[in-house]
Colleague: 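Mind having a look at this structure? Questions to follow.
Just so it is clear: chains get the letters A, B, ... in the order the sequence lines come, proteins before strands, and each one is counted from 1. Remember, it's a predicted structure, so these values are computed and weren't measured experimentally.
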There are 2 protein chains.
Amino acid sequence: MPDIKHFDPDAALERAERLFWKHGTGSAESSVQAVTTATGLNRSSLYATFGSKHDLYLAALRRYLDHRARPAFRRLAEDQRGLPAIRDFFTALIDIRCTGEHSGWGCMFVNAHVDPQHNDPGVRALLDEHHRLLRDALRSALQTAVRLGQLATTHPIEGTAETLALLAYGINLRSRAGATAEELLGTLHSALAQLSPRA
Amino acid sequence: MPDIKHFDPDAALERAERLFWKHGTGSAESSVQAVTTATGLNRSSLYATFGSKHDLYLAALRRYLDHRARPAFRRLAEDQRGLPAIRDFFTALIDIRCTGEHSGWGCMFVNAHVDPQHNDPGVRALLDEHHRLLRDALRSALQTAVRLGQLATTHPIEGTAETLALLAYGINLRSRAGATAEELLGTLHSALAQLSPRA
DNA sequence: GTTATCTTGAACTCATCGTTCCAAGAACTG
DNA sequence: CAGTTCTTGGAACGATGAGTTCAAGATAAC
C-alpha cells in the first residue's frame, strides 16, 4: 500500500556528506536550503528521511568514517610492509588533500573538532572513535615495522602512533590553508626520517 | 568638540576575541548580538568602531596573534636552552589548552583553518603569518639545540621545525575534543624522545 | 479500480541573522 | 554657556535560518 521513496537515500547522504565535509555546519553554504539544492530533494523528504539537520550531520559523519576513513585505516593496519605502509598512507592522504576534487577540504573529522556542534555527545563519540581507529591502525603498522626491525627507537610505539596521528591532523589542517603537496611531503619525509635507524 | 568613546575599544576587542576563539564565526554563540552582550556595547558603537563582523573577526585574529601567540613564540625563539625550551613551550601550551579558563577552546588559529571565513584573503594572510612565526620560532630553538649538541639527527632542522609545528596543531585540535593533559603530555614526551640521542 | 499509506512540493511559521538609520544625549572647544 | 561633532540606544531593515504543515500525487495491495 505505501508509496516508496523516489530517491536513493545514500546518494543524498553522500551529497550532504560532501557539503558538511567542505563547509561544516555553520556556513551559509551548508544550510538546509543548500542541502536540498545539492541533493535535489525537498525539505519534507529530507526531514522525513534524516530528521533534523543535526541528525543529518551525524549521519554524514558516520558515512565519512565508514566509507572514507575506515577503509584507509584498514589498509594501513593490514599492510605488512611496516614503514613503507605508513609512508604510502601519508602520501595518499596528502594527495587527496591537495589535488583533485576534494582539494582544500581537509579531513571531515579534523574539521568537526572546530564545528559549532563539536561538543554534542554524538559528535564527540564519533570524534573519539575516529581517533582511536587512526591511532590503532598506525600502531598496527608500527608493530609490523618493529617485527621487521625497521625502527630506530626502543621507545614504546604507543606514543609514536599517537604522534603520527597528530601529524596527520596537522597535515589535514594545513591543507585547508593552501599548503602544497610538496611542502607537506617534505614534512612527512622529515618526520619519517626520525623513525628510521641512522644512516 | 567631538564626544569621545565611552568604552575601551581594546577591552571590547578582547571580549570579541575570546568569543571568536571559542566559537568561531559560524556559531549562534558568536553572533553580533552575542558580541554586543559580551562587550556591553551596542550595535552602533560596535559597527562604528570595528566595521563589519568580518572586520571584527580579522581584528580579533590579529589581537590573538599579537597578544597571545607572538609573545610565546618570541620566548621560545630567544630561549637559549635548546630542547628544554621546546619542551617547556609545549608543556605550557598543553596546560593552557586543557586547564583553566580557556580549557577546550583550542588555538584560535587552528580553529580559523576550519572557519567559514578561512578562504578570505585577509584571514588566509594571518594564517600564513601565524604558521611562519611558529615554524621560525621552533627552528630557532632547534638551531640552539644543534649548537648545544642536543640533537640526535643529522637531518636539516627545517623539516623538524615543520613537523613540530604540525604536532602543535594536532595538540590544539585534540584538546577541543577533550583530550587530557596527561594524554597530550605523553605524546609530547614520545615526540621529543625521537629528537634526543639514543640512551 | 478502489483504497489506504507514504512521498512530495510548496507555502508558511517564527526566530535570528548582519546591517543601517536616526533621534537623543554627552563632551570638548571657544 | 553655546555650538559643533561624535557616541549611543533602540528600532527597523530585508534576508535567511531551521523546522512544520498540508493538500496533492504516487504506489502497491486487494
Colleague: B:Ala34 or B:Ile4: which one's nearest nucleotide on DNA chain C is closer to the 5' end?
Modeller: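 Its nearest nucleotide lies further toward 5', so the answer is B:Ala34.
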
Colleague: Going through the checks in order, is the side chain to side chain contact (heavy atoms under 4.5 Å, CB included) test met by A:Tyr47 and A:Val32?
Modeller: CA-CA 10 Å; A:Tyr47 277 90; A:Val32 172; 3.7 Å; yes

Colleague: Under a 3.5 Å cutoff, is there a donor and acceptor pairing between the side chains of A:Ser175 and A:Asn172?
Modeller: no

Colleague: Do B:Leu126 and B:Leu65 have side chains that approach each other closer than 4.5 Å (heavy atoms only, starting at C-beta)?
Modeller: yes

Colleague: Can you tell me the distance, in whole Å, between the CD atom of B:Gln33 and the P atom of C:dA15?
Modeller: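 Taking atom P of C:dA15 as the reference, CD of B:Gln33 is at 15 Å.
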
Colleague: What's the CG-C1' distance between A:Leu41 and C:dT7, to the nearest Å?
Modeller: 11 Å

Colleague: Please confirm whether B:Phe109 and B:His131 have ring centers closer than 6.0 angstrom.
Modeller: no

Colleague: Could you tell me how far apart B:Leu19 (CG) and C:dG18 (P) are, to the nearest whole angstrom?
Modeller: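 Going from CG in B:Leu19 over to P in C:dG18 covers 11 Å.
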
Colleague: Ignoring the backbone of A:His6, work out which of C:dT8, C:dT19, D:dA18 is nearest its side chain.
Modeller: C:dT8

Colleague: Classify every nucleotide of nucleotides 10-16 of chain D by which part a protein heavy atom approaches to under 4.0 Å, writing B for the base, S for the sugar-phosphate alone and - for neither, in 5'-to-3' order.
Modeller: BB-----

Colleague: Classify the nucleic acid contact of B:Val32 as base, sugar-phosphate or nothing, counting any heavy atom under 4.0 Å across all strands shown.
Modeller: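 Result for B:Val32 = base.
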
Colleague: Consider the side chain of A:Ser45, meaning its heavy atoms from C-beta on, and name the nucleotide among C:dT8, D:dT8, C:dC28 that approaches it most closely.
Modeller: C:dT8

Colleague: Can you tell me how far P of D:dA18 sits from CD of A:Glu29, to the nearest Å?
Modeller: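 Between P of D:dA18 and CD of A:Glu29: 13 Å.
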
Colleague: Could you check how far CZ of B:Phe20 sits from C1' of C:dG18, rounded to whole Å?
Modeller: 11 Å

Colleague: OH of A:Tyr47 versus P of D:dG17: gap in Å, rounded?
Modeller: 11 Å

Colleague: Parallel, tilted or perpendicular: which fits the ring planes of A:Trp21 and A:Tyr64, with parallel below 30° and perpendicular above 60°?
Modeller: perpendicular

Colleague: Could you tell me the separation between the CZ atom of A:Phe50 and the P atom of D:dG19, rounded to a whole number of Å?
Modeller: 14 Å

Colleague: How close or far is atom P of D:dA18 from atom CD of A:Gln117, stated in whole angstroms?
Modeller: 10 Å

Colleague: Look up atom CZ in A:Arg43 and atom CD in A:Gln33, then write down how far apart they are to the nearest 0.5 Å.
Modeller: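 Between A:Arg43 CZ and A:Gln33 CD, I get 5.5 Å after rounding to 0.5 Å.
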
Colleague: Go through the side-chain N and O atoms of A:Glu158 and B:Ser190 and say whether any donor and acceptor fall under 3.5 Å apart.
Modeller: no

